[in-house]
Every structure is written in structure tokens, then in C-alpha cells.
There are 2 protein chains.
Amino acid sequence: MPSPQNDTGRRSATMRDVATVAGVGLATVSRVVNGKPGVTPDLAERVTRAAELLGYRHDLTASSLRRADRRTHTLGLVLEDAANPFSAALHRAVEDAAADRGVLVLAASTDEDPVRERGLLKTFTARRVDGLIVVPTGQTDTEIDAACRGGTPVVCVDRPTTVPHVDTVTVDNRAGVRAAVKALQAGGHLRIAFLGDLPAIWTAEERYAGFVEGLAEEGCILHPSLVRRGLHGAEAAQEAARELLALPEPPTALVSGQNLLTVGIRRTLQELRLQYHVALVGFDDLPLADLLEPGVSVIAQDPVAIGREAAALLFDRLDGERGPARHRVLATRYLARGSGELGAAVDS
Amino acid sequence: MPSPQNDTGRRSATMRDVATVAGVGLATVSRVVNGKPGVTPDLAERVTRAAELLGYRHDLTASSLRRADRRTHTLGLVLEDAANPFSAALHRAVEDAAADRGVLVLAASTDEDPVRERGLLKTFTARRVDGLIVVPTGQTDTEIDAACRGGTPVVCVDRPTTVPHVDTVTVDNRAGVRAAVKALQAGGHLRIAFLGDLPAIWTAEERYAGFVEGLAEEGCILHPSLVRRGLHGAEAAQEAARELLALPEPPTALVSGQNLLTVGIRRTLQELRLQYHVALVGFDDLPLADLLEPGVSVIAQDPVAIGREAAALLFDRLDGERGPARHRVLATRYLARGSGELGAAVDS
DNA sequence: TTGAAAGCGTTACCAC
DNA sequence: GTGGTAACGCTTTCAA
């Protein structure tokens, strides 16, 4: 007696089975299943009925293997961390753009590990995704190049790549931080600290560069003791902020180079009840940032726009665009919510 | 002159090509590519070299078509909204569990639309995903059933399903809300309002049921005018909260049935400067909720544990488990952060 | 309009 | 060990 259901062992019906039962040719079944015109309603009906009877399920993997365009209607999305709100928003934007074209999204996280990224790029291309949208760690150029040469178009997002002919969508990180630093200086701040992510991450470097530029343009001093780079995750930032604020001459303003770092820094500020006394500006927006008191001022990016643009560039390539690489640079927007507008405390 | 690269038109090398160049049989190439033992080092070397020379890329779609187990090493994840932090955390947990087994995740969002969900389930099974993890809208039981019968194991998450033989991972929503309501009553609250999501969503119903039960167990009155259901999204909740607080006899405590609703409600409270005067408890945690002042007390779920458990159940099925459906019910945890601990204001 | 047959790139089987 | 060959489920071509 066979098991009642969920019987993985039982081979499900194929087109040939349907053809046999319906008493028609295999090609006719294919035509009906794909909704192609030019099949007599009578036959179509018989095919549909037979398919239903047998519980036929179309096999898209076999289909795309044989199809002329070889499209899998699948797209690979390589993120830093799918759980990060920035990544999640980006993912959703890409998914929506893809859904409009009947394309599904394979998403995966690298956690900034080049080894993991290389593996992902390799399996994605082996699965014959139609295209790739990648937030590159920066150490995988040869793999990205290989994908391109193999015929899988790639769009890099959030960070550029040295691989030629690859479209990119980035944000003007420098300009964003520069403007924020100037605003802080206008508020009277002389001792501004910077807390940044791992220097291996391109955006972390750019944001730091923006910080340095911003200070320089106003002829201000860069205090090396007020710079903490190489911080990854909220806890690291929390600790670093504690150290900075315990200095004999602590900073009066803090600039954070990443959303998780901002969270950690703010946590320290509230621990020390300094959230109204030390200014804070973070890069990248956070949900609920506007409801904190004072609100967290941020240099906001638009992950939805980034994702939408990346998908547009990719689909454009899939539609045959052969031109040189296009590099979209999106602007940031400063959201003044209070924490960045705190003046330099004069009281010791 | 052919275009320099990214030439999608140029057919990439196949195993047969590699075999020809290496001067070996097709089967040997397959063995080398799959790392099977029993190939002379010399031949293996020749194959590897030829593959490199031709820029050969293994085609996993063709591979899984021919393979005995027919596995695609792909798993479908149907979420409500990939951008929601709960979904994002769940997604990441599933991704990690899948990655341990060399499985990739196809993720998509339904936005609570049964039509969209049906479409997704259909394409996912057509793509022959090895299994499905679904947050069901609740109107797609026949489609889920079809997937199971077709041999694609399904695990429902966050919400149950009426389909037999489907494993589920849910949370004890009722108990969570019940306990929160009791705590509010212990704090002296007599007028407690409930704001809930669309009644079509199972969790929304359960949480409301928990609210009703909690009130009843203490012999308290359920004020119909203090119940607002069918709210979807932060804006709707924000508006509903405004209305509730404008009542002649406003509530002294608010219970929110969903994370986005909690955000909207809290926004209204801060608009009206009532965040210290009207208690608030939300279902599901929010990033930064602990940094608001007062902190937002929540009935927290553990999306990572839910995702991990769902993946475990699914892979168990893929490993051949044939037993009856298993229904895991995870507990919630109340996180007291302040907003739920505000006493009932005595001043009018 | 319909169907037979070839073939997509791979793995499995069986002789050598 | 190795290689020829059939077959996975489907689309496409071509002749009827």
C-alpha cells in the first residue's frame, strides 16, 4: 500500500503523459500550456482536462533549458545582510521591479566575507540567473568579471567595482558627510568625532573622506584621537563612543558612518544622559529615528530608489543594451531632526 | 568584428566542448566537475585545464534536471513584505539554515494579496523548488495543498493552515496579549483600547482574541468604542489613535496588534505629548524601541527562532520524514521598557 | 492546425 | 578507470 500523499517518490506527470491521456501530440500540449494561439478549442479543452486529471505541473527548469532565449526568469541579489533595514528595503525594491517582468529574486548575504561572496557569485551563475545585482565586498572582482564574460550581466550597488563594463548605482557619500560636518561646524562644534565601519568597505572609506574634506574646507582641525574606524556592528560603536566621551577633552559632536553604528552610539549617549548635550549625525536612516528625543539627524539614502535604478539598468542590459558602463550616483538628503542641531556645549 | 565582451549571444562552452578539447569522454568531464573519485590525476588535470581555457561554467539547471534526486537546491520563501523587519529577520534565519545545506532562497512578498500568493506558489513549484516556507494569507489552501500533493513539502509560518499534513511554526499570540492586558489591568487601567490589523490575517484575530480573553479573565469590561480593527500600516494606526484619544472618555492604555501599527500609534502619542500619560504595549519588537523615551514595551516574538525552526522542519521532510504534521508553537516574551508600565492617570 | 523528431546540457548506466 | 549512449521534460522545427 503506497503512502497516502506527499509521496515524493511518485514521479509527477509530464507533458508526454498529458499528451497520451488527451490523445494528442506532445507539441500540442506544449502549445496549450504556454498559451500559444492556434490550437483548436476542442483539443485545448481535452489537454486542460487531462492535465487537471493527472495533476500536471509545468516544469520551468526543463522549459528554460530548451527555450531559445535560455532565460530562467531569475535574478541573483547579493546583499551584505538581508536582515539590515537598508538591505531589506533594497531587496523589496528589486523584487517589485523584477515582479513586473515575471522575474523572481534569489537573495543571499555575504556578511562582508569575500569568500562567501565568491561562492554565491559562482552558484548564482551556475544556476544561470539572468542577471546579478551585487553589493560587492570589493575583493571579488575576478569573479564578477567572470560572470560578465560568461554572459551574465552584473550591476554593482552601493559600492563601485574596478571591473569595466559593469553598471553601478552608488550614492554621493562624500558630499553627504561633508555637508553634515559643515553644518556641525556652523553650530559651533570644534571637536567633532568620526566613527566608521571597516576600512575595507568602500562606503566606509568614502564617508571618512567626506569627513576629512568637510573639516579641511573650513580650515578645521582633524583630531586623530577623535577618529575611530574599523568598527563593525552596534556593540563596537557603543564601546567606542564610551571611550571617546571619557576622553579628557571629549568631542562635542559625533558623526557615525553606518546605521548600526548610529544605534550603538545613541545607546551610549542615552546611557550617559548626553543625548541632549552631544550632537550626533548618522549616515543612513533608521526606522523610528524621528521618534527618539531628540530625533536622530541623518544623512539619508534612498534604498528604494537605489534598488529600482539597479533593476532598471540590469533589465536594460537584458533587453540588449550594449553601451559602455553607466554609473548612477544618487544624492543623499540631510534630515534635520534635532540631534545634529544641538549647539556645542559651552559649559564644561 | 564581434562586440568585445558581455556577448550574451555567444553560447558558452558545454561539457562536450570541454571533453573534446581535453581529449576525454563526456562522462569523465562530468566526474571531474562533480568532484567524483576515481579519475586519474592526469586526466583530471587535462579536464580542469580545458575547462579553464574555454571559460566553462557548470549548468546546474541541466544538472538537476538529469539528476536522480531532481533537487534544485532552491527553496521558496513567501513573505508578507520583505521590507518589514520581522520578515527580514525571518528571511535571514532561513537563509542561514539553507546555506548550511548548500540551498539558496527565492524570496517574494505577497502584501497580503491571495492572488499574488497563488501566483507565487504556482511559479515556485513550477520552478521545482525543493520546498516552501510560506506566511500564508489564508485564502490559498488549495494551492498549498496542490504543492504538497505535487511532492513539494510546505511549512507554514506565523500562521497555520487548514491543509492537513503541513508542518507549522506559530507563536502563542493569545497568551502574549492576554498577559500584557492583565499587566495593564494590574497597573490600574480600566479603559484599554485595542488597535488591530486586517481581520483576514490570522494573527490579527488571535491577538484580538487574546485581548478579549485577558479582559474577561479579570472580569473587566470590553468597551466596543475602544476597539479599532482592520487597520493596515502606520498611517491608519496613527489616525485611529488620534480618534481614540479624542473621545470624551479616552483610553488610558493602548494595545497594538502589529509592529507598524505600534509605530503609528506612538507617533500620535508623541504628537499629543501623551507618551508618558497613556500606556502602550505593542505586539512584535521594533528596532530602537528600547531607545525611545519611555521605551516601548512589547510582546516580542523571535523571528530568528521561527525561521530556524521552519527550516529545520522543512529539511527534515526533505530528508525523508513522513510522519504526521508537526505544529510548533513558540512562546512570546514580554519586554517591559516603560510604556507599558505607566499607571492609569488619575488626573482628568 | 497538428505531430514526429531533434536537441537543450547534464547525469546514470553499462559495457569496455 | 573510462567512454559511449540513453534519458531528464521540455520547446522548436519541419513536414504532413
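Just so you know, these numbers come straight off a predicted model, no measurement behind them.
- A salt bridge between D316(A) and R326(A) is present, with a side-chain N of the basic residue lying under 4.0 Å from a carboxylate O of the acidic one.
- Residue-level contact check: V33(B) touches neither bases nor backbone, having no heavy atom under 4.0 Å from any strand.
- Of all nucleotides in DNA chain D, those with any atom nearer than 4.0 Å to a heavy atom of chain B start and finish, going 5' to 3', at dG1(D) to dG9(D).
- Atom CZ of R71(B) and atom C1' of dT11(C) are 16 Å apart (whole Å).
- A 4.5 Å side-chain heavy-atom check between D113(A) and T137(A) finds every atom pair outside the cut-off.
- A straight line from CG of D59(A) to C1' of dT10(C) spans 14 Å, rounded to a whole angstrom.
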Next item on the list: Step by step, work out the side chain to side chain donor-acceptor pair (under 3.5 Å) result for R92(A) and S109(B).
Entry: CA-CA 8 Å; R92(A) 185 53 148 98; S109(B) 313; 3.2 Å; yes
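- The residues R328(B) and D167(B) are annotated as not salt-bridged, no charged nitrogen and carboxylate oxygen being separated by less than 4.0 angstrom.
- Judged by closest nucleotide on DNA chain D, R16(B) is the one of A62(B) and R16(B) placed further toward the 5' end.
- Pairs passing the salt bridge (charged side-chain N to carboxylate O under 4.0 Å, His left out) check and including a residue from residues 14-38 of chain A, sequence neighbours excluded, read R11(A)-D17(A).
- Among residue pairs with one or both ends in residues 18-30 of chain A, none qualify as salt bridge (charged side-chain N to carboxylate O under 4.0 Å, His left out); sequence neighbours excluded.
- Taking atom CE of residue M15(A) and atom P of nucleotide dG3(C), one finds them 14 Å apart after rounding to whole Å.
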Margin query: Under the criterion side chain to side chain donor-acceptor pair (under 3.5 Å), I'd like the reasoning laid out for T152(A) against R57(B): C-alpha separation, chi angles, the key distance, then a yes or no.
Written below: CA-CA 11 Å; T152(A) 309; R57(B) 305 188 306 153; 3.2 Å; yes
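- Under the 3.5 Å distance criterion, with hydrogens and angles disregarded, a donor-acceptor pair is assigned to the side chains of D141(B) and T161(B).
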Would you tabulate the nitrogen or oxygen pairs shorter than 3.5 Å linking the protein to nucleotides 12-16 of chain C?
from: dA12(C); atom 1: OP2; to: K36(B); atom 2: NZ; distance (Å): 3.1

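- In this structure, the CZ atom of R128(A) is 9 Å from the C1' atom of dG9(C), given to the nearest Å.
- Under the side-chain hydrogen bond (donor to acceptor under 3.5 Å, both in side chains) criterion, R116(B) pairs with E95(A), not counting sequence neighbours.
- Relative to the axis of its first five pairs, the axis of the last five pairs of the helix from dT1(C)-dA16(D) to dC16(C)-dG1(D) sits at 40°, rounded to 10 degrees.
- Looking at D59(B) and R66(B), no side-chain N of the basic residue comes within less than 4.0 Å of a carboxylate O on the acidic one, giving no salt bridge.
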Next item on the list: Kindly determine whether E143(B) and R149(B) satisfy salt bridge (charged side-chain N to carboxylate O under 4.0 Å, His left out), including the steps that lead there.
Entry: CA-CA 10 Å; E143(B) 208 63 44; R149(B) 286 179 192 289; over 6 Å; no
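- A sub-4.0 Å separation between OP1 or OP2 of dT2(C) and a side-chain N or O of T28(A) is absent.
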